[in-house]
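Encoded as structure tokens, the structure appears first; notes follow it.
Note that the structure is predicted; figures quoted are calculated from it, not measured. Proteins come first, then strands; the chains are lettered A, B, ... in the order of their sequence lines, and each starts at number 1.
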Amino acid sequence: MLSFLPITELAKLIKARKISPVEIVQELLTRTKQSNPQLNSYITVCAELVLNAARQAEAEIQEGHYRGALHGIPVSHKDLSWTKGVHTTAHSKTLLDFIPETNATHVERLEKAGMILLGKTNTTEFACGDMHLFGKSCNPWNLTRSSGASSGGSANAVAAGLAVAATGTDTGGSTRVPASFCGVVGVKPTFGRVSRYGVFPLSYTMDSVGPITRTVADAALMLSVMSGYDPLDPSTSHEIVPDFTSSLHQGIKGLVLGIPEHYFFEGLEPAVAKATEAALKQLESLGAKLQTVRLPMAADLSAAANILVMGEAFSQHASRLREKAQDYGPKARRRICSGAFFSSAEFLQAGQIRTLWIRELEQVMSQVDALITPTLPFTAFSVETWEDSPPDTSWATRHFNLSGHPAMTVPCGFDEQGLPIGLQIVANAFDEAIMFRIGHTYEQATKWYERRPVLFGGNHV
Amino acid sequence: MSDLEWLQAEAERQGLELSEDDLEFIQQRLEATRSALAKMRPAQTEGLEPPHYFAPKPKKQG
């Protein structure tokens, strides 16, 4: 089945002209037509557009104009990212008629590399509210469970074979959490690595755009193209962008991995604890050195992060809220508007806590190549729980939005109910190459990524 | 003036059309966040400015 193959495999077949991008697209469209009503992965499917783009890619490749490993590969973008000529709603009633005249920078860069737009994936309203207009994205491993948020449509589409690869945004864990819940790879790059131009903002000091893919190599491939300075986003960095795929096969012998001794390993569901322990042993057996580290501030960052995110979100949304507050869903309206009522002293105190956390983390990161933690302390909970009173899903992820460090989740096992478990890898700033190297080495040794949900034609219950 | 009345007046001042349910939710959220923040007051507040530009620095080599 083409829909479950990673980009790296599809690219070989396309380059050798053994398959056409048109075949891949046709299969994905058929699967999406069948399963999107159950999964709510997509808000918009660009059937005609993607078929035309696939035919054009096929013609270019047949004429010898092969652009590289992303040429002719379908991609699905979170509906928070501008796509030229295609509805971009942010799952909000206030944007139902919005059709951007330009692409977001990451959309544009992936398109130039040859990727073709399959559709716009489901998100919570403005990445912080409900999924009240287009249905709730469900978990392909168990449809009564949540896909996670806010990039839930991107993650469940990749996991269920309704997308080859997708992009998401991450302000407190929104690529990593749904990727972990759905058993795929989710990346939050270093702050400043990927332009946010053309992405509806939530928090301008914490928003990141990253790939959600089936394998680490696919994520490395996409991030190599998405990254780099963008004059349209002054927060982007001039740091050189390496080819993140070039060091994937170097192994992890001798790398020092920091294992926090408290917080991140407390209160885990037994299956998560067991899978994480097994993953650490696996990493050690692959040659990494595990080193216990202390991060005492890690337990107390949620208040500071909430004030900063909601303060920044309100500053962005204020004009739209003054005009159309009642067009927002209750959750997004209330969360974002809470940012209007904190005092400047509280907002700046939250910034001071962030500075102290960054200092503590950088001290630890200077002694290790990466940190390893569980991505979440639990597996996917029910859709109802997600709606009513979800537990803290940013429990292990917001820390690295606050600090700006790159982080990713890779599948590391399943619980007794067959729900995926994720392992988080955090690297030093702008050292995504090491993060990918660790993730790839682990992934290739364990092969969790080969399991696919049986409900959607996969091989694993 | 109760907290809720203050929130209502402040919402009006900021031009926000919020219902009583909205304000009650916001009030609970503010209280919870503020009490958590109060426990995290830095012992020393000088020298904790955020960097001029936010992007973190790469690890020093060697």
Side-chain angles (χ1 to χ4, degrees), chain A residues 190-193 204-206 234-239 297 300-304 306-307 310 314 318-319 321-326 330-331 333-335 337-343 346 348-356 358-359 361-362 365-366 368-369 403-406 427-431, chain B:
Chain A
T190 310
F191 185 89
R193 185 61 108 176
Y204 47 78
T205 67
M206 281 184 253
S235 72
T236 49
S237 167
H238 288 275
E239 283 291 320
M297 282 190 74
D300 298 309
L301 296 171
S302 67
N306 283 337
I307 290 175
M310 291 312 149
F314 180 73
S319 58
L321 279 164
R322 284 184 188 115
E323 280 179 29
K324 303 176 178 177
Q326 295 308 317
K331 193 182 274 185
R333 180 174 64 247
R334 292 167 183 177
R335 282 185 169 180
C337 282
S338 69
F341 301 100
F342 288 109
S343 71
E346 287 164 335
L348 292 170
Q349 187 194 328
Q352 290 177 319
I353 292 168
R354 172 188 227 169
T355 298
L356 286 168
I358 291 171
R359 289 178 187 172
L361 181 62
E362 285 188 340
M365 293 304 291
S366 69
V368 300
D369 294 297
S403 70
H405 288 74
N428 277 284
F430 297 101
D431 205 358
Chain B
M1 189 183 268
S2 71
D3 284 354
L4 207 57
E5 284 171 336
W6 181 85
L7 279 178
Q8 201 158 20
E10 182 62 14
E12 280 172 23
R13 197 187 65 74
Q14 295 205 35
L16 297 169
E17 187 191 336
L18 297 174
S19 68
E20 271 188 34
D21 285 349
D22 291 339
L23 291 169
E24 276 173 23
F25 174 95
I26 289 168
Q27 185 189 19
Q28 286 171 15
R29 194 173 172 89
L30 291 178
E31 276 176 17
T33 309
R34 282 180 169 143
S35 66
L37 192 71
K39 292 177 191 156
M40 289 294 291
R41 285 184 189 130
Q44 171 58 257
T45 52
E46 288 174 19
L48 293 181
E49 302 83 0
H52 290 299
Y53 57 94
F54 181 68
K57 295 188 233 27
K59 184 179 178 181
K60 283 178 190 159
Q61 299 300 314

query = How long is the span from the CZ atom in A:R334 to the CD atom in B:E24, to the nearest 0.5 Å?
reply = 9.0 Å

task = Taking the side chain as every heavy atom from C-beta outward, state whether B:R29 and A:M310 have any atom pair closer than 4.5 Å.
result = yes

Chain B contact via A:D300 - side chain, backbone, both or neither, heavy atoms under 4.5 Å = both

request  = Please determine if B:D22 and A:R333 form a salt bridge, counting it only when a charged side-chain N lies under 4.0 Å from a carboxylate O.
outcome  = yes

inquiry  = Measuring only between side-chain heavy atoms, which start at C-beta, is B:M40 closer than 4.5 Å to A:M297?
reply    = yes

request  = Mind ranking B:Q27, B:R41, B:K39 by heavy-atom pairs under 4.5 Å with chain A and telling me who comes out on top?
outcome  = B:R41

Residue part contacting chain B, namely of A:E239, when any heavy atom lies under 4.5 Å = side chain

task = Measure across A:S343 and B:R34 and return the closest heavy-atom pair with its distance rounded to 0.1 Å.
result = N-NH2, 4.1 Å

query = Where on A:F314 is there a heavy atom nearer than 4.5 Å to chain B: the side chain, the backbone, both, or neither?
reply = side chain

key: Interchain contact, B:S35 with chain A, by part (heavy-atom threshold 4.5 Å)   = neither

inquiry  = Is the shortest side-chain heavy-atom distance between B:L37 and A:I353 below 4.5 Å?
reply    = yes

task = Mark yes when over 12 heavy atoms from residues, nucleotides or ligands other than B:Q44 sit less than 6.0 Å from its CD; otherwise mark no.
result = yes

key: A:C337 vs B:Q14 side-chain heavy atoms within contact, under 4.5 Å   = no

query = Given a strict heavy-atom distance threshold of 4.5 Å, which part of A:R359 is in contact with chain B: side chain, backbone, both, or neither?
reply = side chain

message = Please check: side-chain N/O of A:T355 versus main-chain N/O of B:L48, any donor-acceptor pairing under 3.5 Å?
response = yes

query = Considering only heavy atoms, which portion of B:A11 lies under 4.5 Å from any heavy atom of chain A: side chain, backbone, both, or neither?
reply = both

key: Top of A:G351, A:A325, A:S302, A:A340 for chain B proximity - count of heavy-atom pairs under 4.5 angstrom   = A:A340

query = Are B:T33 and A:E346 side-chain neighbours, meaning at least one heavy-atom pair lies under 4.5 Å?
reply = no

ask   = How long is the gap from CG on B:L23 to OG on A:S338, to the nearest 0.5 Å?
value = 11.5 Å

query = About how many Å separate CZ of B:F25 and CZ of A:R335, when rounded to the nearest 0.5 Å?
reply = 6.5 Å

ask   = If we only count heavy atoms from C-beta on, is the B:D3 to A:F341 side-chain gap below 4.5 Å?
value = no

request  = Considering non-hydrogen atoms only, spot the tightest contact between A:Q326 and B:S19 and give its length.
outcome  = NE2-N, 4.5 Å

message = I'd like to know if the side chain of A:Q352 and the backbone of B:T45 have a donor-acceptor N/O pair within less than 3.5 Å.
response = yes

